[in-house]
Structure formats: structure tokens, C-alpha cells
There are 2 protein chains.
Amino acid sequence: MEKDGNQQLRLAIQRLARRIRSNAADDDVPESQRSVLFTLDNHGRQSLSSLSEHECVTPPSMNRTVNTLVAAGLVTRATAEDDARRIELDLSDVGRAFVSETRRRRDAWFTKQLAALSAQERGILDAAVPVLKKLAEQ
Amino acid sequence: MEKDGNQQLRLAIQRLARRIRSNAADDDVPESQRSVLFTLDNHGRQSLSSLSEHECVTPPSMNRTVNTLVAAGLVTRATAEDDARRIELDLSDVGRAFVSETRRRRDAWFTKQLAALSAQERGILDAAVPVLKKLAEQ
DNA sequence: TATTGTTATACTCTATAACTATA
DNA sequence: TATAGTTATAGAGTATAACAATA
């Protein structure tokens, strides 16, 4: 890869990620809350402190975010059976439906963008998927 | 491209963009300010209102951000010669150096990640660059 | 009268410090 | 005494409304 090919690739990825976010965001739910919903969907029921660690936010801050989500009916809160200090946070049915719907909208937008490409271009992207995944996870 | 290949590609891009940001961010300068510096570097000297439009922020909000940047010596402010209502905002030399340094650090991190790939994998990514760019800009 | 920027004020999200309940 | 969560309070960053200066 040539000298500034790196920069071209990095810029293209950052720009595309920005477009995905701005085109598929649901402005009614702020990013901080949406991120918690997706974390609960991806990693399941968990305590306040594990959630705050995962989101790189302090417990008091996460507490407030969670309160909002519980008040909105998107998240459920329950005391843990084995340790009365801990609370178990999880998605409610409404929260789960919200996550599915958000995901569906993102995919719909992205699929529409892909449809404008040629078969050859889509083939190039298909080949790149595993490499991008490796890059994101290594 | 198969059914959920779209989703795989979208997820890989979003994850990779997140990693680029978290690994190369300069925590001393908040994202809102950094974004203004990059906009001035990319699009040159401009007024408060054009800057606020570009950043999708209200003029009072941008005014505050700009005040901070001027106080920090990263941005210069001057009354426009042809219209005394307008102000011209631009990068100072220090601001320009900051932008270069940030860019250099991002590239360094990303280049290091790419170095872990095989020649074949890098070739696949090279081929994908123009397609990703098209996707980000269409 | 319209436009450009600024000030006043309030709301949201985040943080640190201090507190309560449980282990 | 240590841990999980909460409350109190303060600092960014943003918004709307009202204002000042200039065109």
C-alpha cells in the first residue's frame, strides 16, 4: 500500500461511519442512551457498574442515564437475587423493539446506498469485509 | 452481496471508525473544538455563521466554542474588511501545527494496524478504497 | 428592515465527593 | 472494612430568546 493510501482508507472509513450515523440516527433518543440499549442487547442483563465500565462513564453518570431509560419504559431494573447491593438492568420488550427497529433502519439506508454500486464494486467490498473485521478487532 | 453481508460490512466500518477515534484522540482538546480546527484547515478562513452551519450548531454555541479556541491561541479572529458585521475566523500557526500533529498521530496508529496484515489483505483493502469513497460521498 | 454576531439564561450530560445499604 | 449504588453539587456544551451593531 502506498504512502498515503493509508490516509485515504482511514478517511473513507471515518466519513462513511459518520454518514451511517447521521443518516440512520433516531434523534428522539440521544446517543448515550441508545448506546446503553445496544450494549444491553449485545451483552445481556448486567449491573450498573459493569454497564458504566463498558460505556466508559462513571457510575453516577450511568445511574442517571439508566433512570431516564427506566422512566421511558425501555429498560427494567431489579435487585439481584444473590446480592441485594447489586441491581440487574435489562431491556424491556419495548426496549428490545426499539433496538430492532433502529438496526432495521440503519440496514435499510445502507442497503440502499449499496444498491447504487455495480456488481463488481460490491464484489470488491465483499472481499474487504473479513479484512476490515480483522482490522477492527486486532 | 448476500442478505446480511450488508450488515457485516456496516458493522465492520462502524467498529473500525470507533477504534480509530478512541486510539488516536487527543483528550486535551474536546471533540467539538477539534472538529472546528479541522473544518478551518479543510475549508479555510470563514465567518462565525458559516462555521456554525457547517458544524450543525447554533451561532451562540459556536461563538462560545470559538471564544475558547481564540483564548487558547489556536484560532484568530478579525473583523471582515468588506463588512464590519462579519468576523473572519482562521487557524493560528499553533492551531495549524495542532491539526498536523493530530493527523500524524492518527495515521501512525492506523499504519501500525495495517502493518499486521498480509500483502494480499492490504491489496484487497487498496482495491476497496475507491468504492468506500464513492459510498461515503454518493 | 434584514443580517451578523453577542449576551442572558436554562437544560442535558458528564464528573467528583459524600452518603446509604449490604456483604 | 469493602463494595454497589445513590444523592449533591459543579463544570462543559448546547439551545432559545433578546439585544447591539452594521448594512
Side-chain angles (χ1 to χ4, degrees), chain A residues 18 21-22 25-40 43-91 95 98, chain B residues 18 21-22 25-40 43-91 95 98:
Chain A
R18 221 172 357 247
R21 207 171 2 151
S22 69
D26 180 342
D27 291 335
D28 292 352
V29 178
E31 176 59 26
S32 57
Q33 293 176 26
R34 210 178 319 147
S35 179
V36 168
L37 297 177
F38 275 81
T39 296
L40 286 175
H43 299 96
R45 188 176 56 176
Q46 57 194 287
S47 70
L48 183 77
S49 48
S50 83
L51 209 46
S52 71
E53 270 174 42
H54 190 275
E55 301 290 305
C56 296
V57 147
T58 58
S61 179
M62 181 52 68
N63 192 40
R64 193 167 169 166
T65 302
V66 161
N67 284 341
T68 307
L69 289 168
V70 171
L74 294 163
V75 163
T76 61
R77 140 190 265 145
T79 304
E81 289 186 2
D82 58 329
D83 184 343
R85 292 173 303 180
R86 263 178 49 233
I87 61 174
E88 305 267 24
L89 300 163
D90 202 354
L91 288 180
F98 173 87
Chain B
R18 220 171 358 248
R21 201 162 19 141
S22 68
D26 180 342
D27 292 334
D28 292 352
V29 178
E31 176 57 27
S32 57
Q33 295 175 26
R34 209 180 318 146
S35 179
V36 168
L37 296 177
F38 275 81
T39 296
L40 287 174
H43 299 96
R45 189 177 56 176
Q46 57 193 287
S47 71
L48 183 76
S49 49
S50 83
L51 209 47
S52 71
E53 270 173 42
H54 191 275
E55 302 290 306
C56 297
V57 148
T58 58
S61 178
M62 181 52 68
N63 192 39
R64 197 168 166 163
T65 303
V66 161
N67 284 341
T68 308
L69 289 168
V70 170
L74 293 164
V75 163
T76 62
R77 139 190 267 145
T79 304
E81 288 186 3
D82 58 330
D83 185 341
R85 292 172 304 181
R86 265 178 48 234
I87 59 174
E88 305 267 24
L89 300 163
D90 202 354
L91 288 180
F98 173 87

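Chain identifiers are assigned alphabetically (A, B, ...) following the order of the sequence lines, protein sequences preceding nucleic acid strands; residue numbering begins at 1 within each chain.
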Item to check | By side chain to side chain donor-acceptor pair (under 3.5 Å) - contacts of A:Ser47 (at least two apart) | outcome: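 Partners of A:Ser47 under the side chain to side chain donor-acceptor pair (under 3.5 Å) test: A:Ser49.
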
Checklist entry - Can you name the side chain to side chain donor-acceptor pair (under 3.5 Å) partners of A:Asp90, sequence neighbours left out? => result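 Applying side chain to side chain donor-acceptor pair (under 3.5 Å) to A:Asp90 gives none.
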
Checklist entry - Using a cut-off of 4.0 Å on non-hydrogen atoms, how would the nucleic acid contact of B:Thr58 be classed: base, sugar-phosphate, or nothing? => result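 The residue B:Thr58 makes base contact.
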
Item to check | N/O donor-acceptor pair under 3.5 Å between A:Arg34 side chain and A:Val29 backbone | outcome: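 Yes; judged by distance alone, with no hydrogens or angles, the pair exists.
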
Checklist entry - Should the heavy atoms of other residues, nucleotides or ligands under 6.0 Å from CZ of B:Arg45 be counted, would the total exceed 12? => result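 It does not: B:Arg45 CZ has 12 such atoms or fewer within range.
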
Next on the checklist: Rounded at 0.5 Å granularity, tell me how far CG in B:Leu48 sits from CD in B:Glu53.
Outcome noted: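 Output value for this atom pair is 10.5 Å.
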
Next on the checklist: Nearest 0.5 Å, please: how far is CD in A:Glu55 from OG1 in A:Thr65?
Outcome noted: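 Those atoms lie 9.0 Å apart.
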
Item to check | Below 4.0 Å: OP1/OP2 of C:dT14 and any side-chain N or O of A:Ser52 | outcome: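 A:Ser52 to C:dT14 OP1/OP2: no side-chain N or O under 4.0 Å.
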
Checklist entry - Starting at the 5' end of DNA chain C and moving along, which residue's nearest nucleotide shows up first, A:Val57 or A:Ala84? => result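 It is A:Val57 whose nearest nucleotide is closer to the 5' end.
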
Item to check | Start and end of the DNA chain D segment that chain B contacts, any atom under 4.0 Å from a heavy atom | outcome: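 So the contact region on DNA chain D extends D:dG13 to D:dA23.
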
In this structure, how many angstroms lie between the [atom2] atom of [N] and the [atom1] atom of [X], rounded?
| X | N | atom1 | atom2 | value |
| --- | --- | --- | --- | --- |
| A:Met62 | C:dT16 | CE | C1' | 17 Å |
| A:Leu69 | C:dC13 | CG | P | 10 Å |
| A:Glu81 | C:dT22 | CD | P | 16 Å |

Polar atoms only, N or O, under 3.5 Å: list the protein pairs with nucleotides 5-10 of chain C and their distances.
{"unit_1": "C:dG5", "atom_1": "OP1", "unit_2": "B:Ile87", "atom_2": "N", "d": "2.8"}
{"unit_1": "C:dG5", "atom_1": "OP2", "unit_2": "B:Ser49", "atom_2": "N", "d": "3.0"}
{"unit_1": "C:dG5", "atom_1": "OP2", "unit_2": "B:Ser49", "atom_2": "OG", "d": "2.8"}
{"unit_1": "C:dT6", "atom_1": "OP1", "unit_2": "B:Arg77", "atom_2": "NH2", "d": "3.1"}
{"unit_1": "C:dT6", "atom_1": "OP2", "unit_2": "B:Asn63", "atom_2": "OD1", "d": "2.3"}
{"unit_1": "C:dT6", "atom_1": "OP2", "unit_2": "B:Arg77", "atom_2": "NH2", "d": "3.2"}

Checklist entry - Residues in side-chain contact (heavy atoms from CB on, under 4.5 Å) with B:Pro60, at least two apart? => result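 Result, side-chain contact (heavy atoms from CB on, under 4.5 Å) vs B:Pro60: B:Thr58.
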
Item to check | Under the side-chain contact (heavy atoms from CB on, under 4.5 Å) test, residues paired with A:Leu51 that sit two or more places apart | outcome: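 Per chain and number, A:Leu51 pairs via side-chain contact (heavy atoms from CB on, under 4.5 Å) with A:Val36, A:Thr39, A:Leu40, A:Gln46, A:Met62, A:Val66, A:Leu89.
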
